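These numbers come from a predicted model, not from an experiment. Both backbone and side-chain heavy atoms feed into the values below; hydrogens, waters and symmetry mates do not.
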Amino acid sequence: MRYSAWKIFWEGMTGNRGWKPVWREPEPKPEYDAIIVGGGGHGLATAYYLATVHGKTNIAVLEKGWIGSGNVGRNTTIIRSNYMLPGNEPFYELSMKLWEGLEQDFNYNAMVSQRGILNLFHSDPQRDAFVRRGNAMRLAGADSVLLDQDGIREMCPFLDFDNARFPIKGGLAQPRGGTVRHDAVAWGYARGADQRGVDIIQNCEVTGFQIENGVCTGVETSRGAIRAKKVAVCVAGSSGRVMAKAGMRLPIETHVLQAFVSEGLKPLIPGVITFGAGHFYVSQSDKGGLVFGGDIDGYNTYAQRGNLPVVEDVCEGGMAIMPMIGRARLLRMWGGVMDMSMDGSPFIDKTHIDGLYFNGGWCYGGFKATPASGWCYAHLLAKDEPHPVAAALRLDRFRRGAMIDEKGVGAQPNLH
Amino acid sequence: MIINHPLLGPRDGAEFTCLGDASLINRPDWQSTDADEQFYEYLYLRDNPAGMHRELWYHEYGDRSWLVVTRDTLTHDITKVELAVDVARREGRGK
Ligand SMILES: Cc1cc2nc3c(=O)[nH]c(=O)nc-3n(C[C@H](O)[C@H](O)[C@H](O)COP(=O)(O)OP(=O)(O)OC[C@H]3O[C@@H](n4cnc5c(N)ncnc54)[C@H](O)[C@@H]3O)c2cc1C
């Protein structure tokens with residue numbers, strides 16, 4: 001079924017009796033050409049692009065809970081391509097281009113809203129660093145605009161420009177950045193993949209891998225064994241414990257990131273705003289809630305909840321740039337577990353086990369990467385060679401000394 | 001989280017920062033023939049378990065001691081806290 005304005009009109013006139021479930025609930029088959037482990041944004045996007053770009057449809061996505069129950073449904077929905085290093089920036093810019101055509105492509109309203117992202121700076125050296133980043137973005141074909149204080153006053157008059165400790169001197173904007181309705185991304189990709197014959201199997205936890213003589217030939221699951229020519233793991237925060245079942249240790253630690261939503265307010269915040277002297281970012285959802293977050297908690301955890309010190313830290317960051325936020329009441333908060341890599345950059349690669357592939361290490365920035373991650377992972381699975389823009393995102397880069405460390409803090413996952 | 005410091009008693013977790021897996025105490029021998037491989041594993045690879053985890057915490061806003069905390073990464077329950085220096089000596093590191 002194709003969605004359209006006409007379809008909504010027709011269903012409205014006929015009692016909404018013609019809507020059908022958005023995807024099937026198939027039983028697992030004994031064997032597939034490829035199995036994707038993890039029905040988050042990246043897993044579902046991979047299945048979608050395998051089907052649409054590479055014509056491969058004998059594929060299953062195995063999800064231990066329900067699709068969208070992981071980070072794809074927990075994030076603060078920010079998309080941007082304002083990275084700097086050559087191994088990253090072209091990849092994130094491909095993602096931005098895919099976001100721009102996504103809704104037409106998969107015929108689903110994902111509320112892609114390019115309302116812009118603004119990174120504030122508070123000192124002259126920080127301005128220099130942002131100029132450099134803006135130039136690096138432009139070299140990769142992305143957009144960037146440097147704003148002085150007046151330019152920012154025009155957009156966001158409510159900011160605390162004359163804060164005694166961290167005055168706002170200006171900002172680097174990416175007008176094409178913005179927000180996307182996160183669950184709709186999972187649903188849209190799932191529907192598109194399902195329509196082309198991909199089996200999306202929920203409540204099916206992968207509990208082990210079948211590995212014979214260095215070749216992966218299938219998976220053990222809570223719903224029985226399933227054979228496959230290729231097994232593609234894509235489980236974000238669970239990367240460590242899933243790959244341990246294949247005997248692998250990863251350059252990844254699992255940490256928790258919290259997110260916060262205020263009560264609904266009238267339209268207030270024009271796009272996404274980030275604080276440059278602490279860790280705080282905020283946007284406003286279409287329902288009016290302020291959606292904000294900050295740092296990870298900083299210790300290994302698989303519990304999808306955080307602790308109070310970070311709540312305090314995030315709120316202090318908010319008060320420092322926009323004191324009026326102190327009048328808003330918090331509606332809800334939650335946490336998601338994330339795969340923090342040793343250099344803050346992700347992996348899309350084969351493993352040393354034939355037929356076993358790995359996608360992970362997304363840290364707290366993998367939502368914006370969803371389309372390109374699926375696109376490049378599908379390319380790797382279909383052609384057995386990395387996509388050119390993901391060629392640097394390899395598992396062996398630490399052994400080779402080829403880290404992609406945007407922040408320059410070294411092998412310290414809780415600082416990335 | 002409350003960390004029961006062996007010298008100071010129960011302290012608020014916010015006084016500490018976490019460095020990560022306590023295996024970082026066991027720095028490889030730089031003179032061994034496969035030192036590069038050992039350092040690669042030491043520095044970059046992690047067990048990252050879902051369950052009991054021994055990890056290094058630094059009492060930054062306190063007495064500046066390093067602790068080895070045994071904590072469940074599924075529940076945040078802390079079952080053991082030791083001075084890192086005691087652990088290191090026991091494991092044959094340092095004097
Ligand atoms: C609070 C928060 C805020 C964030 N904000 C942003 C942001 O603003 N912008 C941004 O770009 N990124 C953000 N992120 C990061 C982003 O959400 C993640 O990097 C991204 O969603 C990870 O990819 P995914 O969607 O495939 O992960 P997930 O949705 O977590 O998918 C992984 C799936 O694997 C399943 N799984 C795990 N183990 C198994 C198993 N054994 N068998 C079968 N299935 C299994 C899980 O149930 C899960 O559904 C944020 C994350 C959080 C938690």
**Prompt:** To the nearest 0.5 Å, how far apart are OG in A:Ser345 and CG in A:Asn88?
**Reply:** 4.0 Å

Residue part contacting chain B, namely of [X], when any heavy atom lies under 4.5 Å:
| X | result |
| --- | --- |
| A:Gln412 | side chain |
| A:Leu250 | backbone |
| A:Pro251 | both |
| A:Met403 | side chain |

**Item:** Max heavy-atom pair count under 4.5 Å with chain B, selected residue of A:Asn307, A:Asn300, A:Leu415
**Value:**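 Ranked by heavy-atom pairs under 4.5 Å with chain B, first place is A:Asn300.
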
**Asked** Quick one: of A:Arg241, A:Glu312, A:Arg305, who has the most non-hydrogen atom pairs under 4.5 Å with chain B?
**Response** A:Arg305

**Message:** Donor-acceptor check, side chain of B:Tyr42 to backbone of B:Leu24, threshold 3.5 angstrom: yes or no?
**Reply:** yes

Quick one about [Y] and [X] (side-chain donor to acceptor, distance below 3.5 Å, no hydrogens or angles considered), yes or no?
| X | Y | result |
| --- | --- | --- |
| A:Tyr377 | A:Asp349 | no |
| B:Ser65 | B:His5 | yes |
| A:Thr221 | A:Glu205 | no |
| A:His416 | A:Ser341 | no |

**Request:** Name the member of B:Thr75, B:Asp36, B:Asp72, B:Asp47 that forms the most heavy-atom pairs with chain A at distances under 4.5 Å.
**Result:** B:Asp47

